[in-house]
Amino acid sequence: MIKRIVVCHFYPIEGYPPVQNLLTYLNGNKNVKVTCITTKGSFNFSCTYENIKIIRLGTSNCTRFRSIRLALSYLLYNIVGSLIIVIKSPASILYYESISALPALLFKQLGKRTKLFIHYHEYTSPKEYNHGPKLPKLIHQLERKLYTKASWLSHTNQDRMRFFCDDNGLIPNKNFHISPNYPPLSWQQNSLEKSKNKSDNLLKLVYVGFSLNDNSMYATEIIKWFAHHKDTMQLAFHLINTPESYKALVNELGASNIKFKEAVSYQNLPDILIQYDVGLILYKGTTANYEYNAPNKLFEYLACGLDVWYPDVLQGPQPYNTSNTYPKVVPINFEQLVTFNWQQAIDLTDCEYQPSTYFCEEVYKELVDEIVKTCQRT
């Protein structure tokens with residue numbers, strides 16, 4: 001018997017590769033019928049799935065509560081989303097983050113036997129909840145009462161899960177899981193063993209992300225450093241939103257080796273990434289969420305055969321550092337880039353090629369198996 005599942009994800013799924021990967025995985029499962037409730041964003045592409053219904057309620061543009069329009073969109077998401085769930089009466093509901101939770105929590109509060117699944121892209125500290133927008137704070141107070149009733153609760157790594165349990169007075173049990181943000185195995189097909197001889201070509205680097213800022217990222221630092229390496233390196237930013245201030249900075253520095261390019265859909269990203277040698281991570285680690293984050297772009301770069309350079313203040317990528325294999329994962333002091341020996345970083349002498357083994361299918365197999373299992377018990 002086919003069971004109904006509803007996935008609640010307030011922010012547009014186009015900006016969140018992990019939920020796209022899960023929906024792709026579910027799309028091929030004949031035992032479930034999936035509806036995803038989300039919002040519209042300002043993307044030049046749209047995610048569609050043959051066997052999954054995507055319902056977009058309002059517009060959020062991957063931002064926080066900064067406008068009346070966004071607040072109205074959240075009302076639409078919650079009211080209509082709740083009605084959709086009542087009508088579909090799914091066997092299981094999965095929501096991502098507190099911001100997405102209210103329709104699922106309200107339905108669960110009705111005493112329904114629907115199984116509740118929860119995943120957090122990010123770690124949010126009590127201080128961030130208390131000083132952030134009021135609505136997520138209120139929803140978080142409600143969801144805390146239902147954590148022990150959830151059939152599944154996951155974070156992306158052990159550090160974030162530890163912080164989360166400490167904050168909420170929880171003791172991990174069999175329903176608590178670690179679900180890293182890995183790309184699909186199909187990406188490995190685009191990964192070619194990188195040439196060890198880079199002396200005849202410019203070193204090509206890439207950063208893929210939503211936007212740039214100096215508060216939580218080493219954006220200006222990396223741009224100024226690249227401006228001094230016009231003859232040896234190229235850098236491309238593939239961004240959903242490119243602030244004009246950074247375009248102006250590049251022009252001011254005459255950094256012709258730095259380009260701002262359009263974002264591409266997640267499905268097309270491997271074809272873009274394999275054109276480069278090194279993928280950049282630029283987060284400063286200004287919060288525990290960033291400091292203890294092994295971002296999905298780390299594994300996406302590796303899957304496509306790129307080396308990865310990341311700020312040494314981050315704890316999350318450290319377990320993936322390499323010494324005698326490549327693609328390399330290299331920590332860098334972004335506050336002292338002038339001292340960075342990049343030639344040594346790309347040197348592959350005595351290094352053995354070791355393709356990435358971090359792919360999402362095994363991660364989602366565990367989740368979907370649990371969803372199907374709990375569906376069968378209803």
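Below, each value reflects all heavy atoms present in this structure, side chains not excepted, and no hydrogens, waters or symmetry copies. Just so you know, residue 1 is the first one in the sequence shown, and it goes up from there.
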Hey, are the side chains of [X] and [Y] touching, using non-hydrogen atoms and a 4.5 Å cut-off?
X	Y	result
Leu105	Tyr95	yes
Ile222	Phe237	yes
Tyr147	Leu170	yes

Sort out for me which residue in [options] forms a side chain to side chain donor-acceptor pair (under 3.5 Å) with [X].
X	options	answer
Tyr266	Gln20, Glu300, Glu14	Glu300
Ser98	Glu122, Glu143, Gln141	Glu143
His177	Glu366, His155, His119	Glu366

Got a donor-acceptor contact below 3.5 angstrom from the Lys230 side chain to the Ala227 backbone?
yes
Can you check whether Lys328's main-chain N or O pairs, donor with acceptor, with Asp307's side chain at less than 3.5 Å?
yes
Check whether the side chains of Tyr129 and Lys134 place a donor and an acceptor atom closer than 3.5 Å, and report yes or no.
no
Check: Tyr364/Ser179 side-chain N/O donor and acceptor closer than 3.5 Å:
no
Do [X] and [Y] have ring centres separated by under 6.0 Å?
X	Y	answer
Phe164	Tyr123	no
Phe359	Tyr182	no
Tyr320	Phe299	yes

So which heavy atom on Pro103 is nearest to which on Asn78, and how close?
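Reported closest heavy-atom pair: CD-OD1, 3.2 Å.
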Determine the interplanar angle of the Trp342 and His229 rings, folded into 0 to 90°, and report it as parallel if under 30°, tilted if 30 to 60°, perpendicular if over 60°.
perpendicular
How are the rings of Trp309 and Phe340 set relative to one another: parallel (under 30°), tilted (30 to 60°) or perpendicular (over 60°)?
perpendicular
Applying side chain to side chain contact (heavy atoms under 4.5 Å, CB included), run through Ile84 and Ile55 and close with a yes or a no.
CA-CA 10 Å; Ile84 290 171; Ile55 300 176; 3.7 Å; yes
Before you tell me yes or no, could you show the steps for Leu153 and Asn175 under side chain to side chain contact (heavy atoms under 4.5 Å, CB included), namely the whole-Å CA-CA distance, both residues' side-chain angles and the distance that decides it to 0.1 Å?
CA-CA 6 Å; Leu153 196 157; Asn175 294 333; 5.9 Å; no
Name of the residue among Asn268, Val264, Val208 meeting side-chain contact (heavy atoms from CB on, under 4.5 Å) with Leu273
Val208
Pick from Val206, Ile332, Leu205: which one makes a side-chain contact (heavy atoms from CB on, under 4.5 Å) with Leu280?
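Testing Leu280 for a side-chain contact (heavy atoms from CB on, under 4.5 Å) against Val206, Ile332, Leu205 leaves exactly one candidate, Leu205.
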Can we say Lys284 and Glu291 salt-bridge, meaning some charged N sits less than 4.0 Å from an Asp/Glu carboxylate O?
no
Glu362 with Lys365: basic N within carboxylate O range, under 4.0 Å:
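A salt bridge is absent here (no side-chain N lies under 4.0 Å from a carboxylate O).
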Please check if atom CG in Asn173 has more than 12 non-hydrogen atoms from other residues, nucleotides or ligands closer than 6.0 Å.
yes
Under the side chain to side chain contact (heavy atoms under 4.5 Å, CB included) rule, what do Val86 and Phe107 come out as? Steps first, then yes or no, please.
CA-CA 7 Å; Val86 169; Phe107 189 72; 4.0 Å; yes
